[in-house]
Amino acid sequence: MKSIIILTIVLFVLFERYQTTELCPTSQLRCMDENRINCNDSSLSPSDFHCCDGLKCVPAFIQKTDTQDEYNTTMCVSSSSKQHRSKIHNPPVKTPPIMATSWSAATTYYNMSNGDTGWGYFWYDATHQAIRTDFYPTCPFLQMYDAGLDANYIPCSVLFYEGQNYYVYPSTQTCCNYTFPAWQPNWLCQSNATYNGTVLIDGQMSDFWTVEWFTNFTGEGSVRNIRNMYTQVDSNVPVRFREDLDTGYLDFHDYVAGPIDQTIFTSIIDAYQPCHQGHGHAGTTDKTCTRYNSQTLRRSWPCDNPTCS
């Protein structure tokens, strides 16, 4: 009986250790870089909302777009002052978590630019520098160029692998290839994600981590660029990811942490070779794929420069 009790205690300790969430280093002073929005330089605000040295927090207005309401906010901008104002260091309310090095989950998504909804699956493995997301019944990305805009509304797989970004449309046997890296498990640390309280998502309370900044990707004035993550409270288990000009979000279900077979990533590339570079890349005249990756908006398709201006 005694040995059973000891074994139970050991298993409990191991379970608790496994459940412990690794956080960003608290020794790292976190602040907001230039063009970050929602800053607050008040001496009463947590230090992760303060602008970095050489920047000041000023009022900012971001106009309405087809996927965003107008937004009155604040933004970190370059300061002409050479004086460094001494700031009271109020520790952040919470420190962002470091995500698991490998995990998978079922997904549902909402495309805010046209109201489409769908489902799929997500795999991530930092050891392979890889992310794969399958989208059904339609792809939220508009990468096929020669076939026309409406040809894109079919299932697709989006892959990041060893510094490359692929968009694969199996039913048309099309693979588009761009250069873009996968994010790292500590990306919330690198981005200085700020804690904005808890939000109820899909019936569970979630920590809300914000990374938002000013951009001019549409060429139609300032827009609010978003890369926000929602995680289970005091955990690194993802609940929702909201990104790219607020055009949609991805919800995660049935999360499983653990290594991913490398063929999950390589098979989708191998099956649909040759992959096409974006048109105009290195002088190519091939127009199978749009010139730039992450095309999501009909009104700006196809973008002929990185900022769609």
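Heavy-atom basis, side chains included; hydrogens, waters and symmetry copies ignored.
- Across all their heavy atoms, T107 and Y121 have their closest contact at OG1-N, 3.4 Å.
- Taken together, the cysteine pair C156 and C139 places its SG atoms within less than 2.5 Å of each other.
- Here Y195 and W209 bring their ring centres to under 6.0 angstrom of each other.
- Taking the centre of each ring, Y109 and F135 come in below the 6.0 Å mark.
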Run the numbers on C51 and C57 for disulfide (SG to SG under 2.5 Å), then give the verdict. CA-CA 6 Å; C51 296; C57 186; 4.5 Å; no
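- Pairing each heavy atom of W103 with each of I260, the nearest pair is O-CD1, 3.9 Å.
- Ring pair Y145/W301 is tilted by interplanar angle, where 30° to 60° counts as tilted.
- Cation-pi geometry between R240 and Y249 is met: the NZ or CZ atom falls under 6.0 Å from the ring centre, inside 45° of the normal.
- Cysteines C76 and C52: SG-SG separation is not under 2.5 Å.
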C275/C175 under disulfide (SG to SG under 2.5 Å): CA gap, chis, key distance, verdict: CA-CA 5 Å; C275 290; C175 173; 1.9 Å; yes
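- Under the 3.5 Å distance criterion, with hydrogens and angles disregarded, no donor-acceptor pair is assigned to the side chains of Y272 and D270.
- For the pair K56 and D41, the salt-bridge criterion is not met [side-chain N within less than 4.0 Å of a carboxylate O].
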